[in-house]
Amino acid sequence: MMRLPPFRYLAPVSVADAVKLMGDHGPQAMLVAGGTDLYPNMKRRQFEPSVLVGLRGIRELAGVRPTESDGLAVGAGTTLTAVSRHPEVRARYAALATAAGAVSTPQLRNMGTLGGNVCVDTRCNYYNQSYQWRKAVNFCMKKDGEICLVAPGSPRCWAVSSSDTAPVLWSLGASVRLAGPAGERTIPVSALYQDDGIQYLTKQPDEIVTEIALPPAAGLRSVYLKLRRRGSFDFPVLGVAVALTMDGETVSRARIVLGAVASLPREAVEAGRLLVGERLGRELIERVADAAARPAKPLDNTDLTHPYRKRMTRVLVARALQRLAGLPEEAE
Ligand SMILES: Cc1cc2nc3c(=O)[nH]c(=O)nc-3n(C[C@H](O)[C@H](O)[C@H](O)COP(=O)(O)OP(=O)(O)OC[C@H]3O[C@@H](n4cnc5c(N)ncnc54)[C@H](O)[C@@H]3O)c2cc1C
Ligand code: SF4
């Protein structure tokens, strides 16, 4: 059995206190929300904080509220179960409800939070292993080692962004509010990530995600499709998030964002452009699906083979668009 290493758990009741505690303890401290990703990582000695600043007791972080611009603001501490069941989220941002409800298992969704899900660690077959396993292969540069075992000549880590909600939030044009020692700031979700398996977040380690803001949903149609080995429990090996703003039957804005194909969610920009100003039809959907598969360059470091995952990008994008167009989905 893998055991947690010793650590101190601090339980602030306000964001301001949590920011202060993170500042007091510096790089030795980490934030923990539901702990569903962090504790297993600590058991495997991938994270070795001596202090954890717990966010669960901060009431202001939980809940969903309307915004002045007719969008929704979801507190970072809101559980995935609550997000997936919230009537307004389900009615207006269907893809987010689907993605939150597709994370892992009911028990983990009851504990896991939206904030934890957008910050969740990147994954790799050579990294998500016990300490002994990693030691036997002499570790890798993401933790304790020197080289990348997937691409030994590479100067960087290629661990895979594996959050279900991150590609959806990006496609919806959501933004995140951050609180840190320098005060508060808001950035688009698309600016929260960078293409590096180790430093995959642009925010500072002591900055707390406090809220995720969703823009108004007028004319919005959205969908999230997830590929994984089993129908439950597993992380995505491919996620396809599509958000279209419709002006009648014409697409006025489109974003297609792929999950689990790189160290960050990857927007298929050209594919989105092809949709704007057009009506959804089979021929257009075929062209868009071809274009969307181009930026997906999965490596051989997660479940299922990478050529299969690349091929499935095209299939899932076509299915997602068929669903949004109300067309019968082709099996392929
Ligand atoms: C068996 C198993 C299956 C899983 N399957 C999936 C899956 O299918 N899809 C998926 O997306 N995830 C999956 N997960 C990972 C995890 O359960 C979820 O991502 C969950 O949403 C993480 O939320 P949490 O609140 O538990 O985060 P925690 O574990 O508490 O934290 C995760 C990371 O986020 C940071 N963090 C947490 N909250 C904040 C905040 N407010 N501000 C700044 N940083 C913060 C922590 O410091 C840590 O680095 C799985 C985990 C397990 C163990
Ligand atoms: S991509 Fe390379 S460096 Fe990154 S976790 Fe995998 S083996 Fe390690």
Side-chain angles (χ1 to χ4, degrees), residues 15 18-19 22 29-44 46-47 49 52-56 58 61-62 75-81 83 99-105 107-129 134 137-152 154-168 176-180 192 196-198 200-201 203-212 226 228-230 232-237 239 259-260 263 299-302:
V15 171
V19 168
M22 287 299 288
M30 279 189 82
L31 297 162
V32 61
T36 61
D37 195 63
L38 184 123
Y39 292 131
N41 284 356
M42 285 175 68
K43 288 182 179 177
R44 293 186 292 252
Q46 286 151 334
F47 300 154
L52 287 182
V53 176
L55 301 175
R56 294 194 70 202
I58 305 179
L61 286 182
T78 312
T79 66
L80 294 166
T81 299
V83 173
V103 172
S104 190
T105 63
Q107 291 90 338
L108 286 153
R109 291 195 293 274
N110 287 343
M111 290 297 292
T113 63
L114 189 60
N117 195 241
V118 298
C119 296
V120 73
D121 198 10
T122 52
R123 295 179 63 80
C124 171
N125 285 344
Y126 295 89
Y127 171 72
N128 295 102
Q129 303 288 351
R134 293 187 295 115
V137 296
N138 211 14
F139 302 107
C140 75
M141 69 166 79
K142 187 156 161 72
K143 184 68 172 57
D144 300 321
E146 302 294 325
I147 62 160
C148 171
L149 298 171
V150 179
S154 168
R156 57 160 285 192
C157 164
W158 298 88
V160 177
S161 168
S162 302
S163 161
D164 278 304
T165 64
V168 170
V176 285
R177 201 158 89 203
L178 300 166
L192 182 64
D196 183 301
I198 298 171
Y200 58 94
L201 294 175
K203 76 168 193 68
Q204 296 304 310
D206 58 1
E207 281 185 301
I208 300 170
V209 176
T210 56
E211 194 172 81
I212 290 103
K226 173 173 180 172
R228 54 181 159 182
R229 187 175 288 268
R230 297 170 286 189
S232 169
F233 203 102
D234 286 335
F235 279 87
V237 288
S263 297
L299 282 179
D300 192 13
N301 61 346
T302 63

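Computed over heavy atoms, backbone and side chain alike; hydrogens, waters and symmetry mates excluded. Whatever order the structure lists ligands and atoms in, that order sets their numbers, starting from 1. This structure is a prediction, so every number in the text was calculated from the model and none was measured.
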Give me the nearest non-hydrogen protein atom to [atom] as residue plus atom name, then the distance to 0.1 Å.
atom                    : value
atom 20 (C) of ligand 1 : T36 OG1, 3.4 Å
atom 45 (C) of ligand 1 : C119 SG, 3.9 Å
atom 46 (C) of ligand 1 : L31 O, 3.1 Å
atom 48 (C) of ligand 1 : L38 CD1, 3.8 Å
atom 18 (C) of ligand 1 : N117 ND2, 3.6 Å
atom 51 (C) of ligand 1 : F235 CZ, 3.6 Å
atom 9 (N) of ligand 1  : D164 OD2, 2.7 Å
atom 41 (N) of ligand 1 : V209 O, 3.0 Å

If the contact criterion is a heavy-atom separation under 4.0 Å, does R109 count as touching ligand 1? no
Would you indicate whether the side-chain heavy atoms of [Y] and [X] approach each other to under 4.5 Å?
X    : Y    : answer
L201 : L192 : yes
I198 : M141 : yes
V150 : C124 : yes

Please determine if [X] has a nitrogen or oxygen closer than 3.5 Å to a nitrogen or oxygen of ligand 1.
X    : result
M111 : no
D37  : yes
V120 : no
G34  : yes

Working to the nearest 0.5 angstrom, can you tell me the gap between [X] [atom1] and [Y] [atom2]?
X    : Y    : atom1 : atom2 : result
L61  : L114 : CG    : CG    : 11.5 Å
R56  : M111 : CZ    : CE    : 3.5 Å
C119 : E207 : SG    : CD    : 10.5 Å
C140 : N301 : SG    : CG    : 10.0 Å

SB check K142 D121 (cutoff 4.0 Å): yes
Can you see which heavy atom on L80 is nearest to which on A100, and at what distance? O-CB, 3.7 Å
Exercise: identify the closest heavy-atom pair between A102 and R109: C-NH1, 4.4 Å
Quick check on contacts: which atoms of ligand 1 are under 4.0 angstrom from a heavy atom of [X]?
X    : answer
L80  : 21 (O)
V32  : 30 (O)
S104 : 2 (C), 3 (C), 4 (C), 5 (N), 6 (C), 7 (C), 8 (O)
S163 : 11 (O)
F233 : 1 (C), 3 (C), 4 (C), 5 (N)
A33  : 25 (O), 30 (O), 37 (C), 38 (N)
D234 : 8 (O)
L55  : 38 (N), 39 (C), 40 (C), 41 (N)

Would you check if there is a donor-acceptor pair between the side chains of N110 and T81 at a distance under 3.5 Å? yes
Go around atom 8 (Fe) of ligand 2 and count every protein N, O or S atom nearer than 2.8 Å. 1
Could you check whether any side-chain N or O of Q46 sits under 3.5 Å from a backbone N or O of Y127, counting only pairs where one atom can act as donor and the other as acceptor? yes
Under 3.5 Å, is there a donor-acceptor pair between the side chain of S263 and the main chain of Y200? no
V103 contact mode with ligand 1 (heavy-atom cut-off under 4.0 Å): both
If you take the nearest heavy atom of each of R228, K226, Q107, which one is closest to atom 8 (O) of ligand 1? K226
Minimum distance, heavy atoms only, to atom 30 (O) of ligand 1: which one of G112, S232, G35 is it? G35
